[in-house]
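Before any comments, here is the structure.
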Amino acid sequence: MATKSKKAAEAALNSYATGPDDRGFFGIFGGRFVAETLMPLILELERAYEAAKADPEFQRELDFLNLHYAGRPSPLYHAERMTAELGGAKIYFKREELNHTGSHKINNCLGQILLARRMGKKRIIAETGAGQHGVAVATVCAKYGMECEVYMGATDVERQAPNVARMTLLGAKLNPVTSGAGTLKDAMNEALRDWVTNVRDTYYLIGTAAGPHPYPAMVRDFQAIIGHETRKQMMEAEGRLPDTIVACIGGGSNAIGIFHPFLDDPGVAIYGVEAGGHGIDVENGHASSMTGGSPGVLHGNRTYLLQDSDGQILEGHSISAGLDYPGVGPEHSWLKTIGRVTYVPATDKEALDALQFCTRLEGIIPALESSHALALVKKLAPTLAKDNLLVVNISGRGDKDLATVAKHLGMKI
Amino acid sequence: MTKHVTRIDARFAALKKEKRPALVTFITAGDPDPETSAQVLAELVKAGADIIELGMPFSDPMADGPAIQASSQRALKAGQTMTKTLQLVRDFRASDTTTPIVLMGYYNPIYVYGNERFIKDAKAAGVDGLIVVDVPPEADDELCLPALAAGLNFIRLATPTTDKARLPAVLKNTSGFVYYVSITGITGAAAPVVNDVHSQVKAIKAETPLPVVVGFGVRTGAQARSISEGADGVVVGSAIVSIIEKSLGPKGEATDRTIKGVTELVRELRGALSAD
């Protein structure tokens, strides 16, 4: 027994996958920086999540929903023409855009709605930027007949009309947020204000791997199914693990989901692609918190933030509303600091080019978010050997972005 | 840990002799502009404020309602920074060496300024205590313990969700006073239920010798008086910054109504708390 626990301790020391610690920290990042009113609630959430994780019945129910409701596993698809065109790495797409509701967001929502039900909560609140998470939340609330309120920046409500209609159709109450700049961070502030007011019956269903502990770890765990499936599917397709993994990063939930099961495989090179907007050198013109920001504390966790020298949060900019967030999940901040993952930006223009490139070569319209990952693939794949197995996470489908894309390309729809 | 006697401790000791609760007033530093803010600060004391809570403006005040959100935005727009906030305290101290000043706000502007540097500069400027909304007792080693060691009070919020099991952890490193948040909600929201507040304050006082001050949702003299029964003071914030907001001219500039409006309310509050 003693030897075994010593071994486990040694393994933990050499592992990138054991975080967070019991206070919710990944190195200096993460933690629980919330007002006292919310502390008892997130401690209760942590206990409830730990209990659910240990309950086989919870996992069985989630597996069932993933299979029959979300349509998992999502395929691992060999993008032959893109591979040939780029002339380097063998490119695979992890097809999260084929999930129910059109993105990876459903993975997390199914997990958290089961948890909310176990906790006896009646009312669900959420924040959303592009509306993908809002739609996924409204979907699971419709399925379980739960009251649902979504906070969305007024600016985003205007530019994401189709998702607004979907949420309304699904029965969610949409609350446009006009405070601050009326974007995702303000929606998150407003959701936190709702939670602090309605503490007894309300469950806050956070959409990304950020916020106070246990959210970053919990959302990661629910999204890690992406990486676990990729591992298995690549073993079946190629008989070995991939060499390279690429995903886009806003808050970073799709990325941590595909990265996490590979963190302890030293042969797997991992890249996260942030929103470079108009360019990293443009003041407040990008949303690359790690490449162009600095550590700070916002929305319950310490992480890299877009902020000025006085600690005031900047809005940031990205063509993709889903990446337009001034922070990033704390585990990414830690993975950046220790150097396990390489984080790079891709600009609006590069993402737009990559979207068209993918659409024409593969007949798959990726979301603008995922197109940032593809922008790196375009640059990276030609530099890699032909036997380098590269997986890029296609986190969502691009239908929601047609208006934005058409506008930038001067098309009329 | 060494016990420092701060201006806050001295003020509560004096109020105890006077047998009246403390009137704690909140304004945001730099709202609506640095000069007016300095004037308001001085006038608060003249009008009867016993303790000043000075908000350090932040772009994302998650625990605050619309009134204080807007005051933060006004201050930031007028160019307020942490350095200017500390300067405001320093200037105030040049003419007032007894009124306690508590800086209140969120962690990020402090963290980015640098915790050690902040504690040193705040102490040197004449700050007496800190309320940092999003640093819970679980993170005491980061800011609370160094602040206490430097002789600052670290004032913790207790809330209706702080249950009996958790209360000792909340009180453990609290000093100066305990700030009881009278509602589950944001600042300036619905008025608290007086009876609930009284029983909660009683429960907290049973666990600590520290003064207990009640805030969130207190707007009028009558309310302040009924809420403060059994407590050691009340905090009024949103009502004051709302008056500032309403007094502003078309371009958001201070007018002669700005200071007048604030002092009238503070006098009313003080009158209600002082009455027998």
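Letters A, B, ... mirror the listed sequences (proteins, then strands); counts begin at 1.
Contacts with chain B (heavy atom to heavy atom, under 4.5 Å) involve these residues of residues 32-48 of chain A, listed by number: Arg32(A), Phe33(A), Val34(A), Ala35(A), Glu36(A), Thr37(A), Met39(A), Pro40(A), Leu41(A), Leu43(A). Within residues 210-217 of chain B, no residue has a heavy atom under 4.5 Å from a heavy atom of chain A. Residues of residues 198-208 of chain B lying under 4.5 angstrom from chain A, judged on non-hydrogen atoms, do not exist here.
Minimum heavy-atom separation, Leu148(B) to Phe154(B): CD2-N, 3.8 Å. Across all non-hydrogen atoms, the minimal contact from Gly252(A) to Thr208(A) is N-OG1, 3.4 Å.
For Glu158(A), the CD atom sits in a loose shell: 12 or fewer heavy atoms of surrounding residues, nucleotides or ligands are nearer than 6.0 Å.
At a cut-off of 3.5 Å, with distance as the only test, no side-chain donor of Ser71(B) or Glu245(B) sits close to an acceptor on the other residue. Inspection of the Thr183(A) and Thr155(A) side chains reveals no N or O donor paired with an N or O acceptor under 3.5 Å. Under 3.5 Å, the side chains of Glu142(B) and Tyr111(B) contain no donor-acceptor pair of N or O atoms. Ser175(B) and Asn153(B) form a side-chain donor-acceptor contact under 3.5 Å, judged by distance and modelled atom types alone.
Aromatic rings of His278(A) and His317(A) (six-membered ring for Trp) have centroids within the 6.0 Å cut-off, being under it.
Taking OG from Ser289(A) and CD from Glu274(A), the interatomic distance works out to 5.0 Å, rounded to the nearest 0.5 Å.
Of the listed residues (Val133(B), Thr83(B), Val112(B), Asp134(B)), the one with the most heavy-atom contacts under 4.5 Å to chain A is Asp134(B). Among Arg193(A), His299(A), Gln307(A), Met188(A), the residue making the largest number of heavy-atom pairs under 4.5 Å with chain B is Arg193(A). In terms of heavy-atom pairs under 4.5 angstrom with chain B, the leader among Gly31(A), Gly300(A), Pro295(A) is Pro295(A). Between chain B and the residues Arg302(A), Arg200(A), Arg23(A), the most heavy-atom pairs under 4.5 angstrom are made by Arg302(A). Between chain A and the options Thr162(B), Val132(B), Val135(B), the largest number of non-hydrogen pairs under 4.5 Å is found for Thr162(B). The candidate with the highest count of non-hydrogen atom pairs below 4.5 Å against chain B, out of Asp194(A), Asn198(A), Thr197(A), is Thr197(A).
Met104(B) pairs with exactly one of Val235(B), Leu54(B), Leu130(B), Ile131(B) by the side-chain contact (heavy atoms from CB on, under 4.5 Å) rule, that one being Ile131(B). Considering Tyr343(A), Tyr304(A), Phe29(A), Phe26(A) as possible partners of His332(A), the one that fulfils the ring-ring contact (aromatic ring centres under 6.0 Å, His included) test is Tyr343(A).
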query = Hey, mind stepping through Asp201(A) and Arg123(A) against salt bridge (charged side-chain N to carboxylate O under 4.0 Å, His left out) and telling me if it holds?
reply = CA-CA 6 Å; Asp201(A) 66 339; Arg123(A) 178 173 174 267; 5.0 Å; no
message = Assess the residue pair Asn301(A) and Tyr215(A) against the criterion (side chain to side chain donor-acceptor pair (under 3.5 Å)); give the C-alpha distance rounded to whole Å, side-chain angles, the decisive distance to 0.1 Å, and a yes or no.
response = CA-CA 10 Å; Asn301(A) 58 167; Tyr215(A) 284 104; over 6 Å; no
request  = Run the numbers on Leu306(A) and His286(A) for side-chain contact (heavy atoms from CB on, under 4.5 Å), then give the verdict.
outcome  = CA-CA 9 Å; Leu306(A) 300 176; His286(A) 61 83; 3.7 Å; yes
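Using a 4.5 Å cut-off between heavy atoms, Asp64(B) contacts chain A through its backbone alone, with no side-chain atom that close. Only the side chain of Gln69(B) has a heavy atom closer than 4.5 Å to any heavy atom of chain A. In this structure, chain A has a heavy atom under 4.5 Å from the side chain of Pro137(B), while its backbone stays farther away. Of the two parts of Ile110(B), neither the backbone nor the side chain holds a non-hydrogen atom closer than 4.5 Å to a non-hydrogen atom of chain A. In this structure, chain A has a heavy atom under 4.5 Å from the side chain of Val170(B), while its backbone stays farther away. Only the backbone of Ser309(A) comes within contact range of chain B, with at least one heavy atom under 4.5 Å from a heavy atom of that chain.
Put simply, the side chain of Thr28(B) never gets that close to the backbone of Asp31(B): no donor and acceptor are under 3.5 Å apart. Of the possible donor and acceptor atoms, one in the side chain of Ser288(A) sits under 3.5 Å from a partner among the backbone N and O of Ala275(A).
Cation-pi geometry between Arg117(B) and Tyr113(B) is met: under 6.0 angstrom from the ring centre, within 45 degrees of the axis. Annotation: cation-pi geometry not satisfied between Lys185(A) and Tyr325(A) (NZ/CZ under 6.0 angstrom from ring centroid, within 45° of ring axis).
Judged as a side chain to side chain contact (heavy atoms under 4.5 Å, CB included), and not counting sequence neighbours, the contacts of Lys173(A) are Glu149(A), Asn175(A).
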